[in-house]
Colleague: 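Have a look at this one before I ask anything.
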Amino acid sequence: MKKLGIYIHIPFCVRKCKYCDFLSFDSLKEDVKGRYVNALFSEIKMQGKRFQGYEADTIFIGGGTPTVVQAEYIAEIVECVKENFHLAEAAEITIEANPGTVTPEMLEIYRKSGVNRLSIGVQSLDDKVLSALGRIHTAEEFRNTYFAARHAGFNNINIDLMFAVPLQTEEIWEKTLKEAIRLKPEHISFYSLQLEEGTEFYRMYKEGRLTLADDDTDRRMYHTAVKMLKEAGYHHYEISNAAKPGFESRHNMKYWQFDEYIGLGLGASSFTGGKRFANTSIMDEYLAFYEGMGTGGCPNFDVLCKNADPVSGQIILPQDTVEKNTEADSIFEYIFTGLRLTSGIDLARFKSIFGKNLQDYYPDKAAYIKQMIASGFMFCESGFLGLTLSGIDISNGIMSEFSEPYITD
Amino acid sequence: MNSYQDKIRNFSIIAHIDHGKSTLADRIIEKTGLVAERNMKEQFLDNMDLERERGITIKLQTTRLVYKAKDGEEYIFNLIDTPGHVDFTYEVSRSLAACEGAVLIVDATQGVEAQTLANVYLALDENLEILPVLNKIDLASARPDEVKLEIEDIIGIDASQAPLISAKEGIGIEDVLEDIVKNVPAPKGDADGKLKALIFDSYYDSYKGVVIYSRIFDGKVKKGDIIRLMNAGKKYEVTEVGYYAPGPVPTGELKAGEVGYICASIKQVRDAKVGDTITLDSDPADAPCAGYKNPQSMVYCGIYPAEGEKYETVKDALEKLQVNDAAFHFEPETSTALGFGFRCGFLGLLHMEIIVERLEREFDLGVVTTSPSVIYKVVMNDGTVRMIQNPTNLPNIMEIDHIEEPIVKADIMIPKEYVGSIMELCQDRRGKMIHMEYITETRVQLHYEIPLNEVIYDFFDALKSKTRGYGSLDYEFIRYEKSNVVKLDVLLNKELVDAFSMIVHESKAVARGRFVCEKLKEIIPMHQFEVPIQAAIGQKVIARETVKAYRKDVIAKCYGGDISRKKKLLEKQKEGKKRMRQFGTVEVPQEAFTAVLKYDDNK
């Protein structure tokens, strides 16, 4: 059976962090959360019918902050997925948790519902940095959450860290890393701060109130992290991710390996059947459609008719974008996502998917690739083409070179 | 006396750029009722978009108008428009040769300018009756009395009766028309004599072949005649004659005193050059019209297809332009940096800019142009002489005895407060002052001899910038002079990029080299490695800059599987690269080639 990853979006937060441009709301009334979860049930039920030929082997409940909704809701969501999709026996089920919003009781409920992986967004273990980021918790609160999760039986925990953020010296970053490693989580993500439009940081930067680390410092911090994590026995498997062997995030791997996944909930992205599409990002639109369908599992006839395409009669889902991949799209995506993995692109798998060798699609890039290898930015070994550590620093430029594969009819 | 000639007035309008020539032409056309007002595009005679945009007339249009004068008679006006720029002096002089009179427009707010003078001298050379007109009289800053005195002092013609007009507002147009009737002499010439007609313009029409604009001085020409072009020595059969009003109106014949068009299945504009004389093959005139010149290219540059553009497409476009422009020519050349392209010759810098812009706009082509160059006379050790216009072709320095460069006589007119800075500019451009005169209390004319190679880079831009737009320039070639010029090369990542090579005076080489390196440093984006930029004369590096390698170009996070967003980002990055030119491992944005030539205000 074909495999499927399921992403479920919970777009709520206690407070929006200053760097965050993800889809989440911090000022919605409590009842919206309940209505949203109900609408989500409808979507799960509807999509479940469309993916009967698939086995779902990962679920990832992300946000926002999934832990700001009642733990019972989460349990019901997982239950609902189990009822409507074919869930694999050993499925990886992750939930994102933010310190300060999660109690031992909630962790207990998650565990019981079948959630077996916890991703804690702590970002820093320095209180000054945390406060500069606009986080609502302290390092101490994080430690409490972490140990509570261990106590609740979570034996697969990720910690999210950020570097090159305001007030964070290289010393502080090293200290944060050291402490994180000492806690022995199975997985550590480490992201460099990205300034995104629409965020508080962006505004501050424009107004000259935010000083960012220069590129050299940013890269030193990155390479320090890679080195320390490797020395501590972590496998640096993706640009920003490291895990104890065997604990690589199976769900996230789907994004990098051109595997299929369905995104449920507001604004969630999907890739199935060669199409990339995303749900609407407008809460009212989402609620109107899925609340209208009722929660009985049987789609409401009136809503379906109202949203049916007048020509084809097909249901028009409340989606922002639907893009059918061309062959060129798929090849480019396969390559640039694959290059995010430190193992590189599996050239044999590439050929089995697209029918031809990678170099046949890029006849004019042979010299370029050769030069990148000679300069130490790429490697090509045992059937894998990938980026070296210094190649990662300049990966956008390299990836973009593959944007136009040569397709013959 | 032939009565038909009494009612003909052949005239031009001459002016400095922006003094309102085309606007007055519009008003005259409107007044004579030729074109209904509502059908008129602004500035009727300027029929190329480019001209309209720059507010200058490049290519002439000639129109026949009928004016009912206050004396009750109908007069035929042949309005022969002239191009308004220094690069086209010869074309202007031929158009003027077709007239008996010229309306001289002077901006009543600005007074006499360098080109006003240049054009007046051309008109006086042709013995034209000059009718001064003061334009822009509606503006508060108009000072007609002063400007009248200026005209009398500087040009030496009576301006006391000059009509005061506003072409824009339509004020005083009738006065101008009456002035033309009264003061422009009627043409003379023997309609029964031997055919003698002057070609003063031509253009290519895909159905009729070359359409010649001509002034008939003596004799007649009609359909079926076998004509001979006296300077080119070629024969053609006339297929159509007529006049423009403003569309073509075929007539049976054109006779002495008239102005009109002649078609004779001529394939290229080059074959019917401006200034040549048409006569009948069977009964030729004794001598051609005086003043014929073969247009000479003064400025050369390489034109190459931009990335993604095809050689053949560019070649087709150049051919089409050449068919219509006798002064422009090109031949294939190759550059190690830019591949296959063309070496093109132009009358001057503006002519070059116009051709390049037309390629881009009318043909929608992307092209890269190399540094413009003049023609150097290279005298070899063995005494032979080579004319070199491509820096790359400069022979080995050891084989050269000396090099000579073209010198132009430059007449610069400026308000007096800028004299200091313009003299400084001219000195910096190796100019030699011949003399300086106060033409009014506030206006100064500077006469300089300047190497043309100093004029073609950015002299005009600098002049405009330093005089807040009030300075004007007119120049013409006078002679070749021995000069210490050297070839300046540019190396990117240690590789010579021949498209950047230029010939400069030894004394300017270091400054120029530094400027080019600095400019390129600004324009060339960061690479995955350091890119040294060097300027060198032979093996000797005289300036150096470095483009730093970028350190970070990576997206840390792709959240929630939103691959599309990242894909778009990478595609955008790739698009940016496409506008680049690849030299070895270095990517150079297309605009680098023009940017290194531009005048920099801060320098």
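Numbers restart at 1 for each chain; the letters A, B, ... are given by sequence-line order, proteins then strands. Just so you know, these numbers use all the heavy atoms, side chains as well, and skip hydrogens, waters and symmetry mates.
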Colleague: Please say whether more than 12 non-hydrogen atoms of neighbouring residues, nucleotides or ligands are located less than 6.0 Å from CZ in B:Phe340.
Modeller: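 No, the 6.0 Å shell around CZ holds no more than 12 heavy atoms from other groups.
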Colleague: Would one find more than 12 heavy atoms of other residues, nucleotides or ligands at under 6.0 Å from atom NZ of A:Lys324?
Modeller: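 Buried by this count: over 12 neighbours within 6.0 Å.
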Colleague: A:Ser395 versus chain B, heavy atoms under 4.5 Å apart: side chain, backbone, both or neither?
Modeller: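 Contact with chain B: backbone and side chain both.
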Colleague: Does the pair A:Glu333/B:Lys567 count as a salt bridge with the N-to-O cut at 4.0 Å?
Modeller: yes
Colleague: Inspect the surroundings of NZ in B:Lys315 and state if more than 12 heavy atoms from other residues, nucleotides or ligands are less than 6.0 Å away.
Modeller: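 No, NZ of B:Lys315 has 12 or fewer neighbouring heavy atoms, counting only those of other groups under 6.0 Å.
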Colleague: So what's closer than 4.5 Å to chain B heavy atoms on A:Asp329: side chain, backbone, both or neither?
Modeller: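 For A:Asp329, heavy atoms of backbone and side chain both lie under 4.5 Å from chain B.
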Colleague: Which answer fits A:Ile398, side chain, backbone, both or neither, if we ask what part of it has an atom under 4.5 Å from a heavy atom of chain B?
Modeller: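 Its backbone and side chain both get close to chain B.
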Colleague: Is a side-chain donor or acceptor of A:Ser24 paired with a backbone partner of A:Ile10 at a separation under 3.5 angstrom?
Modeller: no
Colleague: Which bit of A:Phe377 is near chain B, if near means a heavy-atom gap under 4.5 Å: side chain, backbone, both or neither?
Modeller: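 Contact with chain B involves the side chain of A:Phe377 alone.
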Colleague: Would you mind checking which part of A:Phe190 comes under 4.5 Å of any heavy atom in chain B, side chain (CB onward), backbone (N, CA, C, O), both or neither?
Modeller: neither
Colleague: What part of A:Ile239 gets closer than 4.5 Å to chain B, counting heavy atoms only: side chain, backbone, both or neither?
Modeller: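 Contact with chain B involves the side chain of A:Ile239 alone.
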Colleague: Test A:Leu4 against every option in A:Thr272, A:Asp57, A:Asp259, A:Ile59 by the side chain to side chain contact (heavy atoms under 4.5 Å, CB included) rule and name the one that passes.
Modeller: A:Thr272
Colleague: Which region of A:Glu323, side chain (C-beta onward) or backbone (N, CA, C, O), has a non-hydrogen atom less than 4.5 Å from a non-hydrogen atom of chain B, or is it both or neither?
Modeller: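 When you check distances to chain B, only side chain atoms of A:Glu323 fall under 4.5 Å.
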